[in-house]
Amino acid sequence: MENAIAIIGLGKLGRSLLNGLESYCTQNKAKVFVSKRSWGTSDTELPNYAIKASNAEALKNAKYIFIAVKPFNMEDVLNELQPFLKQGQQIVSCATGMELSKMKNLLPPGVDLHRAMPNTGAAVKESITCLASHSDNQKDAQEITKMFEGLGVCVQIDENLMDAATVIGACGIAFVMRFIRGMVQGGVQIGLSQEIASKLTYQTVKGAAELLVQNGEHPEAEIDKVTTPKGCTIEGLNEMEHAGFSSALIKGIVSSYKQLED
């Protein structure tokens, strides 16, 4: 059980975790056990992983147990796993909403708890993962951080910030995708083909993000570099702001946060 991993739930997030952890498992010779509610023919494409018929079987020999189920299934899954958990096992919840204190009340003593929120960028090793731990075992917490770093970037946060981080990191994927879709549609309207508009937009978004990551500049500093007096960039920016672009984005973020809090 030294560093074996179990993944409970192989929906979109579970699959992203599985793909993202591949290099970590290869480097550390870690065996992976997987389980899901139902199996189909596509699951025969998992020859490198030990497929188990039940969640209990999947976690039996695993030290690190990643639970990637829908939030409304989380309590049922924890109740199912509870009789089979052993001291020293590490539970990593990737479900939205359930606090570590509630998880602790559902599980036996001696099991360390962690709450993580990666996003679907994990599938291409470009996730941002926020991690909060309820454990005195720093070695295992650091090992879990290392696993998530194989999926992209991992940051440790206080659990009371997890809902806010979820909105920016997880919901944010959809917000950015909607912005990208609008950029592509605008490009098509002004004469570009769908293919060219998409390629231009994807690389522009990627380049903008990388500028901020590498240079550490405030976004407004980068905006100033491409706006000139009476230019087309400032014209477009001002038109978007008149239509409430930034305000709508902020309102959407706050609305998503309130939904999590309710």
Side-chain angles (χ1 to χ4, degrees), residues 1-22 24-25 28 30-40 43 46 48-118 122 127 129-148 150-151 154 159 162-163 166 170 260:
M1 192 178 86
E2 183 59 31
N3 61 353
I5 295 168
I7 298 178
I8 308 299
L10 281 183
K12 292 179 182 177
L13 179 55
R15 295 276 178 159
S16 295
L17 285 169
L18 192 62
N19 293 336
L21 286 168
E22 187 172 1
Y24 171 89
C25 294
N28 294 275
K31 194 164 187 177
V32 180
F33 303 91
V34 296
S35 178
K36 60 180 290 191
R37 187 164 44 188
S38 59
W39 298 95
D43 297 307
L46 299 171
N48 298 325
Y49 308 103
I51 298 174
K52 296 299 180 180
S54 71
N55 293 337
E57 279 292 310
L59 68 83
K60 185 167 63 174
N61 296 308
K63 180 171 184 179
Y64 302 100
I65 302 160
F66 291 80
I67 303 179
V69 300
K70 300 291 186 185
F72 57 82
N73 289 326
M74 188 65 180
E75 187 166 345
D76 288 341
V77 169
L78 291 178
N79 285 329
E80 177 191 350
L81 300 182
Q82 191 269 347
F84 306 99
L85 291 168
K86 300 182 288 287
Q87 187 168 356
Q89 287 183 305
Q90 309 290 313
I91 295 287
V92 185
S93 168
C94 298
T96 303
M98 183 174 286
E99 296 177 353
L100 291 171
S101 58
K102 184 172 182 179
M103 290 173 57
K104 184 178 180 180
N105 290 333
L106 294 170
L107 297 176
V111 175
D112 287 334
L113 303 176
H114 311 268
R115 187 176 167 194
M117 184 44 62
S127 174
T129 301
C130 294
L131 180 66
S133 296
H134 190 282
S135 170
D136 295 326
N137 189 331
Q138 289 303 307
K139 181 179 178 182
D140 282 322
Q142 289 170 3
E143 198 66 21
I144 291 167
T145 298
K146 189 190 300 183
M147 292 179 195
F148 280 115
L151 278 63
C154 182
E159 192 190 5
M162 188 61 79
D163 284 350
T166 296
L260 283 177

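Side-chain atoms are counted along with the backbone in the values below, which use heavy atoms only and exclude waters and symmetry mates.
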Is the shortest heavy-atom distance from the side chain of [X] to the side chain of [Y] under 4.5 Å?
{"X": "Gln87", "Y": "Val111", "result": "no"}
{"X": "Ile8", "Y": "Val34", "result": "no"}
{"X": "Arg115", "Y": "Leu131", "result": "no"}
{"X": "Asp140", "Y": "Tyr64", "result": "yes"}
{"X": "Glu57", "Y": "Ser35", "result": "no"}
{"X": "Ile67", "Y": "Val92", "result": "no"}
{"X": "Ile5", "Y": "Lys31", "result": "no"}
{"X": "Phe148", "Y": "Leu17", "result": "yes"}

Side chain to side chain contact (heavy atoms under 4.5 Å, CB included) between Ile7 and Phe33, intermediate numbers included: CA-CA 6 Å; Ile7 298 178; Phe33 303 91; over 6 Å; no
Quick one: does any side-chain atom of [X] pair with a main-chain N or O of [Y] as donor and acceptor, under 3.5 Å?
{"X": "Asn73", "Y": "Val69", "answer": "no"}
{"X": "Lys86", "Y": "Lys63", "answer": "no"}
{"X": "Gln89", "Y": "Ile65", "answer": "no"}

Minimum-distance pair of heavy atoms, taken over all atoms of [X] and [Y]:
{"X": "Cys94", "Y": "Phe66", "result": "SG-CD2, 4.5 Å"}
{"X": "Pro71", "Y": "Thr96", "result": "CB-O, 3.4 Å"}
{"X": "Met117", "Y": "Ala95", "result": "CE-C, 4.3 Å"}
{"X": "Met162", "Y": "Cys130", "result": "CE-O, 3.8 Å"}
{"X": "Ser127", "Y": "Ala122", "result": "CB-N, 3.4 Å"}
{"X": "Leu100", "Y": "Glu159", "result": "N-OE2, 2.7 Å"}

Quick one: list whatever passes side chain to side chain donor-acceptor pair (under 3.5 Å) with [X], sequence neighbours left out.
{"X": "Ser93", "answer": "none"}
{"X": "Glu99", "answer": "none"}
{"X": "Thr166", "answer": "none"}
{"X": "Gln142", "answer": "none"}

Distance (rounded to the nearest 0.5 Å) between Thr129 OG1 and Ile144 CD1: 12.0 Å
Spatial distance of atom CG (Asn19) from atom CG (Leu151) [nearest 0.5 Å]: 9.0 Å
Sequence neighbours excluded - side chain to side chain donor-acceptor pair (under 3.5 Å) pairs with any residue from residues 74-85: Asn55-Glu80, Glu75-Lys102
Of all pairs that satisfy side chain to side chain donor-acceptor pair (under 3.5 Å), the ones with a partner from residues 103-113, not counting sequence neighbours: Gln90-Asp112, Asp112-Ser135
Listed partners of Lys12 passing side chain to side chain contact (heavy atoms under 4.5 Å, CB included), at least two apart: none
Stepwise side chain to side chain contact (heavy atoms under 4.5 Å, CB included) check, Met103 with Met98: CA-CA 7 Å; Met103 290 173 57; Met98 183 174 286; 3.5 Å; yes
